[in-house]
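Reminder, nothing fancy here: chain letters follow the sequence lines and each chain counts from 1. Basis for what follows: all heavy atoms, side chains included, without hydrogens, waters or symmetry-related copies.
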There are 2 protein chains.
Amino acid sequence: MHSTAEENYIKAIYKLSGGGAHGVSTNALADALDTKPASVSDMLRKLSAKDLVHYVKYRGVQLTDDGRRVALRIIRKHRLWEVFLVQKLNFAWDEVHEVAEQMEHVKSELLVNRLDTFLNHPRVDPHGDPIPTENGEIPQVEQKALSALEVEQTGIVCRVKDSQPAFLQYLNRVGIQIGSHLQVLDKIAYDNSLEININRNKTVILSSDVLSKIFVIKP
Amino acid sequence: MHSTAEENYIKAIYKLSGGGAHGVSTNALADALDTKPASVSDMLRKLSAKDLVHYVKYRGVQLTDDGRRVALRIIRKHRLWEVFLVQKLNFAWDEVHEVAEQMEHVKSELLVNRLDTFLNHPRVDPHGDPIPTENGEIPQVEQKALSALEVEQTGIVCRVKDSQPAFLQYLNRVGIQIGSHLQVLDKIAYDNSLEININRNKTVILSSDVLSKIFVIKP
DNA sequence: ATAAAAGTTTAGGTTTGTCTAAATTTTGTT
DNA sequence: AACAAAATTTAGACAAACCTAAACTTTTAT
């Protein structure tokens, strides 16, 4: 079995590599995990010895197939617990991440699968992130970053790619949630921010940083 | 905040002291926690420094009020999660202990209280052990060990004081669960075992060891 | 092409929680 | 009361996961 620390490294590598698409640097990991680069080097040597990552000194790290399997299992647990917290315990979407970070390390196959059944095999978590299946598949939905919409176009919010409370609370304040109907009214060329109408009601201006974290499907 | 190891020591001290009734020896703790007495001595020094226990070298250890508060919070979490696993995820009573051992260390006040509400403020866990309230009170129910029943007397099983799968599976096999109606048919003086009729149906002989772990209320 | 800057690793420590072996204290027996 | 046995603590190590400081690679900019 893997320690909590190991699991957190593997999860971080998975996320930073975009699901295994590219290698990840020591500094990026140190940053994501809030540790020092020296500690990351140590751990990478260890994970490499366990064949969970492919690691070449000074050249970054990638998950092996084994590592990716571990990552997906942890992410599956994390997202299922988030669904549980929101749907069953009435947590708000900005309150779940920290708790799920702890629950994702509970070890029990039976538990995960029973939880999945109890929740009716949800496909996405409260932020719209897809939940890996038991076999490690990730159902993909066609979606577009809000920053890619043109003036006049509309979309339904299906995902927000940042689970930090501060960001989610900002969206609460603005009035955006999963399912919100958005229309681009205007583009401000100066900084690529967009003027967005929410649910044919309120209108706001969103920075390109925020726009890149919100994903929509066609209405 | 306390580490998982600290929490496990505190829980073990609580249990071995019978809820704080008497002191606990180093060896007893080592035994319960499956560590060496030397490790226990170390940890007791540490817990004592944090004022969670009252510890006199060579003379055993007791929880302070602070320690008892911590113990009760952990036990509350443990038992609530057990209820969740059985009632919501269809775990059997012999499958919950190990998983709850992990879940009890998840830190979130909000989580515990929401869980309690979700489960409808249960008073006992699946083994009949009472669930401490948010204020650290333990609802006491008048109950008797099965070993204390006389011939002819009857009782309803309300609690089994051993959560080890092997014991619970033995009860499954025999056909005893919470709520079972028991009647003492005969006492075997030789070893204090009792002949017990279960649900006015099957009859079995239970050893005094088993009898002392089963508790009943008046029918 | 090379030197400075940036990124990464190694060396040597720290803390937590464990261990074994040795020393100490308490208990129990005669 | 004294001594052997049992229980407990201390001393000294170790692994995991982290740290700082120094050394080493790679990248970038001139």
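Atom CG in B:D31 sits about 11 Å away from atom P in D:dA7, given to the nearest Å. B:M1 places its CE atom 21 Å from the P atom of C:dT15, with the value rounded to the nearest Å. Rounded to whole Å, the distance from CG on B:L47 to P on C:dT16 is 12 Å. In this structure, CG of B:L44 is placed 14 Å from C1' of C:dT18, rounded to the nearest angstrom. Straight-line distance from the CZ atom of B:R45 to the P atom of D:dT9: 10 Å, rounded to whole Å. Computed from coordinates, the B:N8 CG to C:dT16 C1' distance equals 14 Å when rounded to whole Å. Atom pair B:L29:CG and D:dT9:P shows a separation of 10 Å (rounding to whole Å applied).
At a threshold of 4.5 Å between non-hydrogen side-chain atoms, the residues B:N192 and B:I188 do not count as touching. Proximity of A:L194 to A:D186: side-chain heavy atoms (C-beta onward) are nowhere separated by under 4.5 Å.
With a 6.0 Å radius and a threshold of 12 heavy atoms from other residues, nucleotides or ligands, A:H54 has its NE2 atom at or below the threshold.
At the phosphate of D:dA23, neither OP1 nor OP2 sits under 4.0 Å from any side-chain N or O atom of A:Y58. The side chain of A:K57 contributes no N or O atom lying less than 4.0 Å from OP1 or OP2 of C:dG7. Between A:S39 and the phosphate of D:dC19, there is a side-chain N or O to OP1/OP2 separation shorter than 4.0 Å. Regarding contacts with the backbone of D:dA6, every side-chain N or O of B:N27 stays at 4.0 angstrom or more from both OP1 and OP2. Here B:S41 does not reach the OP1 or OP2 of D:dT10: none of its side-chain N or O atoms lies under 4.0 Å away.
Taking the side chain of A:D42 as heavy atoms from C-beta on, and the options C:dC19, C:dT10, D:dC18, the nearest nucleotide is D:dC18. Nearest to the side-chain atoms of B:S25 among the listed nucleotides C:dT9, D:dT9, D:dT8 stands D:dT8. Closest to the B:K36 side chain, of the nucleotides C:dT20, C:dT10, D:dT9, is C:dT20. Closest approach to the A:A38 side chain among C:dG7, D:dT9, D:dA21 is made by D:dA21 (side chain taken as heavy atoms from C-beta onward).
In terms of position on DNA chain D, the residue among A:R59 and A:Y9 whose nearest nucleotide sits closer to the 5' end is A:Y9. For the pair A:S3 and B:V40, both in contact range of DNA chain D, the more 5′-proximal nearest nucleotide belongs to B:V40.
Within the 6.0 Å centre-distance limit, the rings of B:H97 and B:H78 are counted as a close aromatic pair. Between A:F84 and B:F84, the gap from one ring centroid to the other is short of 6.0 Å.
The residue A:T35 sits close only to the backbone: its heavy atoms come under 4.0 Å of sugar-phosphate atoms, none of a base.
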